[in-house]
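The block underneath contains the structure these notes are about, expressed in structure tokens.
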Amino acid sequence: MKFLLPLLGVALSLHGAAFAADIKGAGATFPSSVYKTWAAGYEKERGGKVSYQPTGSGDGIKRIVAREVDFGASDSPMNQADLDKNKLLQFPTAVGGIVPVVNLRGIAANQLKLSGDVLADIMRGAITQWNDKRIAALNPELSLPVASIVRVVRAEKSGTTEAFTKYLSLMSADWKAGVGHGQLVKWPGAVTAVEGNDGIVKAMKDTPNAIGYASYDRVISARLAGVRMRNRTGQFVAASEEGFRSAVQESDLDKKGDETASLLDQSGPLSWPISITTYVLVDAQPKTAASAREALQFLYWAFLRGDPMIRNSGLTPLPTAVQARLVPRFQKVRPQDGQPLNFYAF
């Protein structure tokens, strides 16, 4: 990614050590493992300290709007009008997937198969038993338990929930009309609500006969039983980084450079149907260059050096062509004191 350096139209300093200021970020739990990995790499190479609090996308947006952090993170992109209103710049950072997960005795990872419409009816409480005939029809080879379904969902405002419920809205007219989508929705009936992707992981391990949804990196690290989903081409696929890349390649993110393009329910036999892009938000008009420099330096470093660190992590880097279009955006940061940012080159 070093070829991206000439694209950046800001002053570059080729000498000296990293700045000493600590960097604070907060927001989406979905990509928190990526930001923590990058933070460790940045501290080792540059000496700068980055702390990231996975508090949920809603909180990440709230805190960067209030300028309580150096960058906010969200799985739900802000529209341009809100970015302009709040004087923010937005950068996509990585791509991953949301995976329905189950805790069913005798059923291992990637054994249970579901379609989008059946998943929607499970999550809205219209299907209440694991041995329901619609689930059984998709899984004739499995011995499904005669047990009530327990739904585990996010309690706080969550970009993961927003993307998951958007997918369910695409799959089911009943879901769209009755529940809709959002960072926080009113789940029909009784549910178990917990905070964060990590809260989902714990609840899923502790709750027999449960179904929930979590980021793919948590699914693999916690060894949860992910579900195979029927994608747009009719193939039952397990979540994978290859499936996320396929969704990107089939989407307008790759074809048209639309950074906020949906990756949900894309074509392609390998595409994972609940793939999403995650984003960071930064102050476009910081009070001083010095107050913004280190955070921007960290993000710039991540674009140039971060890809190898997150391969095989459960999330996948953005396409190189997309990253190349993002790097010049750093020059749109306009410190109010008029001083240059003076990034370090690598």
Side-chain angles (χ1 to χ4, degrees), residues 19-40 42-43 48-94 96 154-164 181-185 193-200 215 217-218 259-260 276-303 306 315 326 329-330 332-336 341:
F19 299 97
D22 291 348
I23 306 160
K24 295 180 181 179
T29 67
F30 179 86
S32 61
S33 62
V34 168
Y35 300 149
K36 289 178 180 179
T37 296
W38 284 345
Y42 186 72
E43 182 174 359
K49 293 184 181 295
V50 183
S51 63
Y52 182 77
Q53 294 180 301
T55 55
S57 294
D59 186 66
I61 292 172
K62 178 181 177 181
R63 293 179 71 178
I64 186 59
V65 167
R67 303 311 195 258
E68 294 174 354
V69 291
D70 298 303
F71 68 94
S74 175
D75 303 325
S76 304
M78 291 184 76
N79 60 44
Q80 192 59 51
D82 285 337
L83 290 171
D84 293 343
K85 175 184 176 182
N86 292 289
K87 298 180 175 58
L88 297 172
L89 289 176
Q90 180 169 263
F91 297 82
T93 53
R154 293 281 289 273
E156 83 283 17
K157 285 186 176 181
S158 160
T160 302
T161 296
E162 181 164 25
F164 185 62
H181 70 269
Q183 293 187 354
L184 188 64
V185 299
V194 297
E195 292 197 358
N197 266 288
D198 294 327
I200 292 279
S215 60
D217 63 313
R218 267 64 165 208
E259 297 166 16
T260 61
I276 66 170
T277 308
T278 192
Y279 304 83
V280 295
L281 298 155
V282 299
D283 190 348
Q285 297 180 19
K287 289 183 178 180
T288 66
S291 67
R293 183 179 292 123
E294 188 72 6
L296 294 170
Q297 180 77 60
F298 165 64
L299 295 173
Y300 180 54
W301 174 91
F303 277 121
L315 288 94
L326 294 174
R329 189 167 302 160
F330 284 91
K332 294 184 178 181
V333 177
R334 294 283 188 267
Q336 296 176 36
L341 289 168

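None of the values given here were measured: they were computed from a predicted structure.
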TODO: May I ask you to decide if the ring planes of Tyr35 and Tyr52 are parallel, tilted or perpendicular, using 30° and 60° as cut-offs?
DONE: perpendicular
Open item on the list: Once you measure the plane-to-plane angle for Trp301 and Phe298, does it fall in the parallel (<30°), tilted (30-60°) or perpendicular (>60°) bin?
Closed with: parallel
Open item on the list: Applying salt bridge (charged side-chain N to carboxylate O under 4.0 Å, His left out) as the test, list every pair that has at least one member in residues 27-38; sequence neighbours left out.
Closed with: none
- [ ] If a pair satisfies salt bridge (charged side-chain N to carboxylate O under 4.0 Å, His left out) and one of its residues is in residues 54-66, list it, with sequence neighbours excluded.
- [x] Asp59-Arg63, Arg63-Glu68
Indicate yes or no: at least one non-hydrogen side-chain atom of [X] is less than 4.5 angstrom from one of [Y].
| X | Y | result |
| --- | --- | --- |
| Pro77 | Thr277 | no |
| Asp22 | Ser51 | no |
| Phe330 | Leu296 | yes |
| Leu83 | Leu89 | no |

Exam field: side chain [X] to backbone [Y], donor-acceptor pair closer than 3.5 Å:
| X | Y | value |
| --- | --- | --- |
| Thr161 | Leu184 | no |
| Gln336 | Gln285 | yes |
| Tyr279 | Glu259 | yes |

Taking every non-hydrogen atom, the tightest pair across [X] and [Y]:
| X | Y | answer |
| --- | --- | --- |
| Ala28 | Thr278 | CB-OG1, 4.5 Å |
| Val333 | Pro286 | CG1-CD, 3.7 Å |
| Glu195 | Ala155 | CG-CB, 4.1 Å |
| Leu341 | Ala289 | CD2-O, 4.0 Å |
| Asp217 | Ser33 | OD2-OG, 2.8 Å |
| Arg329 | Pro92 | NH1-CD, 4.4 Å |

TODO: Check step by step if side chain to side chain contact (heavy atoms under 4.5 Å, CB included) holds for Phe71 and Phe91.
DONE: CA-CA 10 Å; Phe71 68 94; Phe91 297 82; over 6 Å; no
Using the salt bridge (Lys or Arg N to Asp or Glu O under 4.0 Å) criterion, which residues pair with [X]? Sequence neighbours excluded.
| X | value |
| --- | --- |
| Arg67 | Asp283 |
| Asp70 | none |
| Asp75 | none |
| Glu43 | Lys49 |

TODO: Show your reasoning for whether side chain to side chain contact (heavy atoms under 4.5 Å, CB included) applies to Val282 and Leu299.
DONE: CA-CA 10 Å; Val282 299; Leu299 295 173; 3.5 Å; yes
Open item on the list: Taking side-chain hydrogen bond (donor to acceptor under 3.5 Å, both in side chains) as the definition, give me every residue that meets it alongside Asp84, ordered by chain and number, with sequence neighbours left out.
Closed with: Gln80
- [ ] Identify, with sequence neighbours excluded, every residue that meets side-chain hydrogen bond (donor to acceptor under 3.5 Å, both in side chains) alongside Thr260.
- [x] Asp258
State which residues pass side chain to side chain contact (heavy atoms under 4.5 Å, CB included) with [X]; sequence neighbours excluded, sorted by chain then number.
| X | answer |
| --- | --- |
| Ile64 | Val69, Leu88, Leu281 |
| Asn197 | Thr29, Phe30, Arg154, Thr160, Ala214, Ser215, Arg218 |
| Ser76 | Ser74, Glu162, Gln183 |

Open item on the list: Among residues at least two apart in sequence or on other chains, which ones pass ring-ring contact (aromatic ring centres under 6.0 Å, His included) with Phe164?
Closed with: Tyr213
TODO: Nearest 0.5 Å please: distance from the CH2 atom of Trp38 over to the CZ atom of Phe303.
DONE: 7.0 Å
